[in-house]
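First comes the structure, then the notes that go with it.
If you're wondering where the values come from, they're calculated on a predicted model, not measured in any experiment.
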Amino acid sequence: MIDPRLLRDDPDRVRASLAKRGAPTDLVDAALAADAARREAIVAFEALRAEQKQQGRLIAQARGEEKQQLLARTKELSAGVKEAEAAQGAAEQAWQDAVRALPNLVHPDTPEGGEDDSVVLETVGTPRDFAAEGFEPRDHVELGRILGAIDLERGAKVSGSRFYFLTGVGAQLELALVNLAMEQAREAGFTQVIAPSLVKPAAMEGTGFLGQAADDVYRIEGEDLYLVGTSEVAMAAYHSEEILDAETLPRRYAAFSPCFRKEAGSHGKDTRGIIRVHWFDKVEMFVYTTLEEAEAEHARLLAWERAFLDKLELAYQVVDIAAGDLGLSAQRKFDCEAWIPTQGKYRELTSTSNCTDFQSRRLDIRTRGESGTTPVATLNGTLTAITRAIVAVLETHQQVDGSVRVPQALQKWMGCEVLRPVVPVAPAAATEGGAGD
RNA sequence: GGAGGCGUCGCCUAGUCCGGUCUAUGGCGCCCGCCUGCUAAGCGGGUUUGGGGCUACAACCCCAUCGAGGGUUCAAAUCCCUCCGCCUCCGCCA
């Protein structure tokens, strides 16, 4: 939630931010009206309540006749207090709803507009040129099959579409990626965490995932629990309702957890393979820091994401996500998109968001500064989302005979330099006009 | 799953039976000041959090806050109900 004081003092700034996202600005007027109504209700209730308390003090001291008279009078007051209290509660709730509906203010440098307006900041490495090498790359589904790494048929049989089993070197790859990510995080000073993937509504709500993203969230039937789509949810709620000592900031966590997404509204998109699935595992960086440090920390998170992609020896680009595509919580978001050879394009592998004080206000996470307690900033960034990392690694480092070269950094965790087919494979098809062999 | 115990403003703690200067006690820690060669001790003061009024976003005043939410009552830390969490024992399980 945004700073209510800012809303009151400078509503035009909030309007401008909404406009940049392409969202309706009348939300601001609704929130302002709710704020005025709320304060009015508070004043009314508190006046009555103060009077009631004062009377109560007199009654405690009074005796006999005098006491009876006072009692008669305060009985009437009591009803008024109850009424005013209920009115205040309702006004408070209406105000909460109105303010919480407002998305975070966007960063001044965030590109205006929707999905198509995101800006590529940098391109790193060069996509591998299979044509020059003279063979047609296999996609990760095919590679997964011949390496015995990914079993999609049985995933569908057991759990349905968009599910998979990682087997053999596939399972090894997941563990290797997790280990590599956790090792990097540990060396950078992160605390490693294994986080729960079932959370209470407050955690989901507080991180902003029950807003427009609610359709994508699994809820457990008959229980007041949700399956998280990212461990950001659990890690943001981790310090909820706490005041963190300033000396302990920044607090950096690298959390492993499974992630679950309904992928509602993406029917027909990425139906093949494990690019878009209902469940995957992920190592997520999550940071609590001061508002002053947030932007610099965001740059650091991006650098750590890039360092990891470099270790996987991938070609990728860094994208500054446009305002309309930020989601409720983020002030700014950078995606790292890796080149997927058989798709001929860059696809999101990791993403880092600066949520400033938006989540911490909702979850009540503060720090004690010179000017009293203030909300902290929260930031998150993917170190590795397993399935997409596997797709990029398999497709990028494949060889003509169906084997896959293991990036150097992963070799220590894989215990080998090359993944070899477990079934007989013909050499990949030659590209037309390619060098051949 | 069953039985019992507990939850008070950083930590510990008084208060809860029997509702009313509880406007929450005391200690520890911490902060400020005094004293003092220095330190310690001693002495004095301060020290939950959120919100509102008024404003210089100060000072001051007010309201809420005793795990959470309801209820009873003129009045609730205190009585009643529901929920949550922790501890002990039993059962079960990985």
Side-chain angles (χ1 to χ4, degrees), chain A residues 1-11 13-14 31-100 194 196-206 220 222-226 234 237-249 251 258 288 291-292 357-376:
Chain A
M1 125 180 175
I2 66 166
D3 185 353
R5 169 159 276 145
L6 179 79
L7 175 68
R8 207 184 294 168
D9 294 347
D10 194 359
R13 214 177 125 200
V14 183
L32 281 172
D35 186 33
R38 157 181 165 266
R39 280 147 68 198
E40 205 173 305
I42 287 172
V43 169
F45 162 70
E46 288 187 353
L48 284 172
R49 180 68 176 146
E51 191 184 343
Q52 184 189 39
K53 285 181 70 170
Q54 207 162 6
Q55 292 291 320
R57 257 168 256 144
L58 293 176
I59 290 171
Q61 291 167 352
R63 291 276 177 283
E65 184 81 359
E66 190 189 359
K67 186 162 185 169
Q68 291 312 313
Q69 281 178 0
L70 285 169
L71 277 178
R73 234 187 312 151
T74 47
K75 269 183 189 173
E76 293 169 37
L77 195 59
S78 175
V81 169
K82 207 154 269 183
E83 210 170 296
E85 188 171 22
Q88 190 212 334
E92 196 90 38
Q93 188 58 51
W95 172 75
Q96 278 279 337
D97 292 346
V99 177
R100 281 175 173 248
I194 310 289
S197 38
L198 281 167
V199 300
K200 298 200 269 191
M204 221 26 136
E205 186 10 70
I220 303 296
E223 306 258 338
D224 225 2
L225 287 172
Y226 293 92
Y238 186 61
H239 285 303
S240 57
E241 291 158 52
E242 291 183 30
I243 298 176
L244 306 174
D245 283 338
E247 312 87 70
T248 67
L249 300 177
R251 294 204 188 202
Y288 296 85
L291 281 171
E292 295 70 36
D357 53 350
F358 187 84
Q359 294 177 331
S360 66
R361 282 184 190 279
R362 294 173 154 229
L363 291 164
D364 195 15
I365 309 161
R366 291 158 292 166
T367 185
R368 229 182 287 274
E370 283 167 20
S371 53
T373 61
T374 53
V376 299

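- Enclosure of atom CD in A/Glu83 is not indicated, since only 12 or fewer non-hydrogen atoms of other residues, nucleotides or ligands lie within 6.0 angstrom.
- Across every non-hydrogen atom of A/Leu32 and A/Leu7, the tightest pair is CD2-O, 3.5 Å.
- If you take atom P in B/A64 and the same atom in B/G69, they sit 14 Å apart, rounded to whole Å.
- We find that CD of A/Gln93 is positioned 17 Å from C1' of B/A64, with the value rounded to whole Å.
- Nucleotides B/U25 and B/G15 are separated by 7 Å at their C1' atoms, to the nearest Å.
- By the side chain to side chain contact (heavy atoms under 4.5 Å, CB included) test, A/Ile243 is found to be paired with A/Arg366, A/Arg368, A/Thr373, residues two or more places apart in sequence or in another chain being considered.
- Nearest-nucleotide assignment on RNA chain B puts the 5′-proximal partner with A/Ile243, out of A/Lys200 and A/Ile243.
- In this structure, B/G85 forms a base pair with B/C6, meeting either the Watson-Crick or the G-U wobble geometry with both donor-acceptor distances under 3.5 Å.
- Here the CZ atom belonging to A/Arg362 is positioned 8.5 Å from the CE atom belonging to A/Met1, to the nearest 0.5 angstrom.
- Nucleotide B/A64 has B/U49 as its partner under the Watson-Crick or G-U criteria, with both atom distances under 3.5 Å.
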Worksheet item: Given the rule in the salt bridge (charged side-chain N to carboxylate O under 4.0 Å, His left out) test, do A/Lys200 and A/Asp224 qualify, once you have shown the distances and angles that lead to the verdict?
Response: CA-CA 6 Å; A/Lys200 298 200 269 191; A/Asp224 225 2; over 6 Å; no

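- Residue A/Arg361 holds its CZ atom at 12.0 Å from CZ of A/Arg100, rounded to the nearest 0.5 Å.
- Contact between the side-chain N/O atoms of A/Lys53 and the OP1/OP2 oxygens of B/C62 is not found at any separation under 4.0 Å.
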Filtered N/O pairs between nucleotides 51-55 of chain B and protein, under 3.5 Å:
| residue | atom | partner | partner atom | Å |
| --- | --- | --- | --- | --- |
| B/G51 | O3' | A/Arg38 | NH2 | 2.8 |
| B/G51 | N2 | A/Glu46 | OE1 | 3.2 |
| B/G51 | N2 | A/Glu46 | OE2 | 3.0 |
| B/G52 | OP1 | A/Arg8 | NH2 | 3.1 |
| B/G52 | OP1 | A/Arg38 | NH1 | 3.4 |
| B/G52 | OP1 | A/Arg38 | NH2 | 3.0 |
| B/G53 | OP1 | A/Arg39 | NE | 3.4 |

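- Counting all heavy atoms, side chain and backbone alike, A/Leu6 lies closest to A/Val14 at CD2-CG2, 4.4 Å.
- To the nearest whole angstrom, the two C1' atoms, one in B/U78 and one in B/G7, are 15 Å apart.
- Rounded to whole Å, atom C1' of B/C62 lies 18 Å from atom CD of A/Glu40.
- With P as the reference atom, B/G85 and B/C28 are 36 Å apart, rounded to whole Å.
- The interatomic distance linking A/Glu242 (CD) with B/C11 (P) rounds to 12 Å, in whole Å.
- Heavy-atom minimum distance, A/Leu363 versus A/Ala202: CD2-O, 3.8 Å.
- Of the residues in residues 358-368 of chain A, those lying under 4.0 Å from RNA chain B by heavy-atom distance are A/Arg366, A/Arg368.
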Below 3.5 Å between N/O atoms, which protein atoms pair up with nucleotides 72-77 of chain B? Just atom names and distances, please.
| residue | atom | partner | partner atom | Å |
| --- | --- | --- | --- | --- |
| B/C74 | OP1 | A/Lys75 | NZ | 3.2 |
| B/C74 | O3' | A/Ser78 | OG | 3.2 |
| B/A75 | OP1 | A/Ser78 | OG | 3.0 |

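- B/U21 is unpaired under the Watson-Crick or G-U wobble criterion, no partner having all donor-acceptor distances under 3.5 Å.
- Comparing the P positions of B/C80 and B/C18 gives a spacing of 9 Å, expressed to the nearest Å.
- Whole-Å rounding puts the A/Arg57 CZ to B/U23 C1' distance at 7 Å.
- A donor-acceptor pair is defined here as one N or O able to donate and one able to accept, closer than 3.5 Å; such a pair exists between the side chain of A/Asp3 and the backbone of A/Arg5.
- Straight-line distance from the CD atom of A/Glu223 to the C1' atom of B/C83: 15 Å, rounded to whole Å.
- Between A/Ala98 and A/Ala31, the closest heavy-atom pair is CB-CA, 3.8 Å.
- Rounded to the nearest Å, the gap between the P atom of B/G10 and that of B/U82 is 30 Å.
- Straight-line distance from the CD atom of A/Glu241 to the P atom of B/C84: 17 Å, rounded to whole Å.
- The P atoms of B/G70 and B/G26 are separated by 32 Å, rounded to the nearest whole Å.
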Side-chain polar contacts of residues 36-59 of chain A - donor-acceptor pairs under 3.5 angstrom, sequence neighbours left out - could you list them?
| residue | atom | partner | partner atom | Å |
| --- | --- | --- | --- | --- |
| A/Arg38 | NE | A/Glu92 | OE2 | 3.2 |
| A/Arg38 | NH1 | A/Asp35 | OD1 | 2.9 |
| A/Arg39 | NH1 | A/Asp35 | OD2 | 3.2 |
| A/Arg49 | NH1 | A/Gln52 | OE1 | 2.6 |

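- Among residues two or more places apart in sequence or in another chain, the side chain to side chain contact (heavy atoms under 4.5 Å, CB included) test is passed with A/Ile220 by A/Leu198, A/Glu223, A/Leu225, A/Leu227.
- When rounded to the nearest whole Å, the span between CD of A/Glu247 and C1' of B/C30 equals 12 Å.
- Taking OG1 from A/Thr367 and CD from A/Glu242, the interatomic distance works out to 11.5 Å, rounded to the nearest 0.5 Å.
- Rounded to whole Å, the separation between the P atoms of B/C60 and B/A77 comes to 26 Å.
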